[in-house]
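Note sheet for the following structure.
As the structure is a prediction and not an experimental result, all values here were calculated from the model. Order of the sequence lines sets the chain letters (A, B, ...), proteins ahead of strands, with each chain counted from 1.
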Amino acid sequence: MAIPLPRDFYARDAATVARALLGTSLVLRRPDGIVARARVVETEGYVGAQDLACHASRGRTARTAVMFGPAGHAYVYFIYGMYDMLNVVTGPTGDPQAVLIRAAEALAGVAGPLNGPGRLTRALGITRDLNGADLCVGPLTFEPGPPPAEVIAAPRVGVGYAGPWAAAPLRFYDADSRHVSRR
DNA sequence: GCATCGATGGTG
DNA sequence: ACCATCGATGCA
């Protein structure tokens with residue numbers, strides 16, 4: 001049983017944390033006592049208020065408030081009427097950066113595919129009630145793990161509306177993983 | 001293999 | 001009206 005990644009890990013810029021999260025283990029202690037573990041293989045960085053793809057670029061609202069808080073907390077939001085998206089808040093307090101967890105490889109206690117942000121939260125049972133949860137305490141934590149041999153950087157998925165930010169290479173994934181959401 | 005579409009509801 | 005998605009459908 002490893003020690004959860006500390007606050008300092010998250011208190012860096014979102015692009016750095018997005019890369020660094022690849023290979024770590026997402027660990028979720030569920031109410032029924034089952035512990036789910038999954039190796040993170042794909043992430044995206046949302047790098048602050050100036051990033052037009054970042055929700056916080058439209059200012060602080062009830063939904064985005066947690067991104068303005070301290071690093072190492074979960075930002076979980078609901079989209080398309082049916083999916084919850086899991087993010088990790090990064091950077092200095094007051095600087096709204098976050099990393100979207102897009103895909104993972106099931107290691108234990110998980111049923112169903114994790115190759116996409118909506119599938120991942122669905123299979124793990126992650127919903128908005130984890131919004132704001134402290135990732136240094138649990139029930140949701142990340143633990144250290146071996147990084148990928150090769151990481152590919154690419155434009156983020158589904159942010160074509162973000163003007164000049166649409167092409168920024170802020171999506172990161174394990175080049176050798178078969179569990180990435182798409183090539 | 002690809003393009004397109006509908007589901008479904010919170011948000012500003 | 002829009003949306004950091006997904007599964008189904010149609011066609012090649």
Side-chain angles (χ1 to χ4, degrees), chain A residues 10 12-22 24 26 28 36 38-69 71-91 95-106 110-133 135 140 142 151-175 177-183:
Chain A
Y10 300 104
R12 299 176 288 170
D13 65 274
T16 298
V17 175
R19 264 185 188 274
L21 277 171
L22 297 177
T24 66
L26 180 163
L28 177 64
R39 178 178 178 272
V40 176
V41 300
E42 179 182 352
T43 60
E44 283 177 355
Y46 289 82
V47 298
Q50 77 284 2
D51 174 3
L52 296 180
C54 183
H55 291 164
S57 67
R58 270 79 75 191
R60 179 175 182 150
T61 65
R63 181 177 64 155
T64 62
V66 59
M67 268 199 283
F68 289 82
H73 290 253
Y75 166 46
V76 185
Y77 67 89
F78 186 62
I79 194 165
Y80 295 124
M82 49 187 111
Y83 299 106
D84 289 286
M85 298 281 134
L86 171 64
N87 297 253
V88 164
V89 176
T90 79
D95 185 348
Q97 303 187 46
V99 172
L100 171 66
I101 310 299
R102 285 195 55 89
E105 173 184 356
V110 192
L114 305 177
N115 60 332
R119 297 187 189 103
L120 183 145
T121 54
R122 174 160 294 187
L124 290 167
I126 290 171
T127 65
R128 282 157 290 170
D129 54 45
L130 277 172
N131 188 46
L135 302 174
L140 175 61
F142 291 83
V151 173
I152 293 177
R156 294 170 292 185
V157 175
V159 298
Y161 60 85
W165 288 90
L170 290 168
R171 174 183 179 224
F172 304 97
Y173 59 92
D174 180 346
S177 176
R178 298 169 291 114
H179 305 276
V180 168
S181 65
R182 55 204 277 190
R183 296 275 159 188

_Watson-Crick and G-U pairing of DNA chain C, under 3.5 Å, as dot-bracket with | and [ ]_ = |||.|||||||.
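- Under the side chain to side chain donor-acceptor pair (under 3.5 Å) criterion, A:Asn131 pairs with no residue, sequence neighbours left out.
- For A:His179, there are no side chain to side chain donor-acceptor pair (under 3.5 Å) partners at least two apart in sequence or on another chain.
- With sequence neighbours excluded, the residues forming a side-chain contact (heavy atoms from CB on, under 4.5 Å) with A:Ala18 are A:Thr43, A:Val99, A:Phe172, listed by chain and number.
- Looking at residues two or more places apart in sequence or on another chain, you find a side chain to side chain donor-acceptor pair (under 3.5 Å) between A:Glu42 and A:Arg102, A:Arg171, A:Ser181.
- From the 5' end on, the contacts that DNA chain B makes with chain A at under 4.0 Å to a non-hydrogen atom open and close at B:dA7 to B:dG12.
- Looking at heavy-atom distances under 4.0 Å, A:Arg63 makes contact with sugar-phosphate atoms alone, never a base.
- Residues meeting the ring-ring contact (aromatic ring centres under 6.0 Å, His included) test with A:Tyr77, sequence neighbours left out: A:His55, A:Tyr75.
- For A:Arg122, no side-chain nitrogen or oxygen approaches OP1 or OP2 of C:dT5 to under 4.0 Å.
- Using a 4.0 Å cutoff on non-hydrogen atoms, the parts of residues 78-88 of chain A near DNA chain B are A:Phe78, A:Tyr80, A:Gly81, A:Met82, ordered by number.
- Residue contacts shown for A:Arg182 are absent, as no nucleic acid heavy atom lies under 4.0 Å away.
- Judged as a side-chain contact (heavy atoms from CB on, under 4.5 Å), and not counting sequence neighbours, the contacts of A:Phe78 are A:Asp84, A:Arg128.
- Listed by chain and residue number, A:Asp174 satisfy the side chain to side chain donor-acceptor pair (under 3.5 Å) test with A:Arg39 (two or more places apart in sequence, or in another chain).
- Residues forming a side-chain contact (heavy atoms from CB on, under 4.5 Å) with A:Pro169 (at least two apart in sequence, or on another chain): A:Ala153.
- No engagement by A:Ser181 is indicated, since no non-hydrogen atom pair under 4.0 Å with the nucleic acid exists.
- Every pair passing side chain to side chain donor-acceptor pair (under 3.5 Å) that includes a residue from residues 156-165 of chain A is listed here, sequence neighbours excluded: A:Asp51-A:Arg156.
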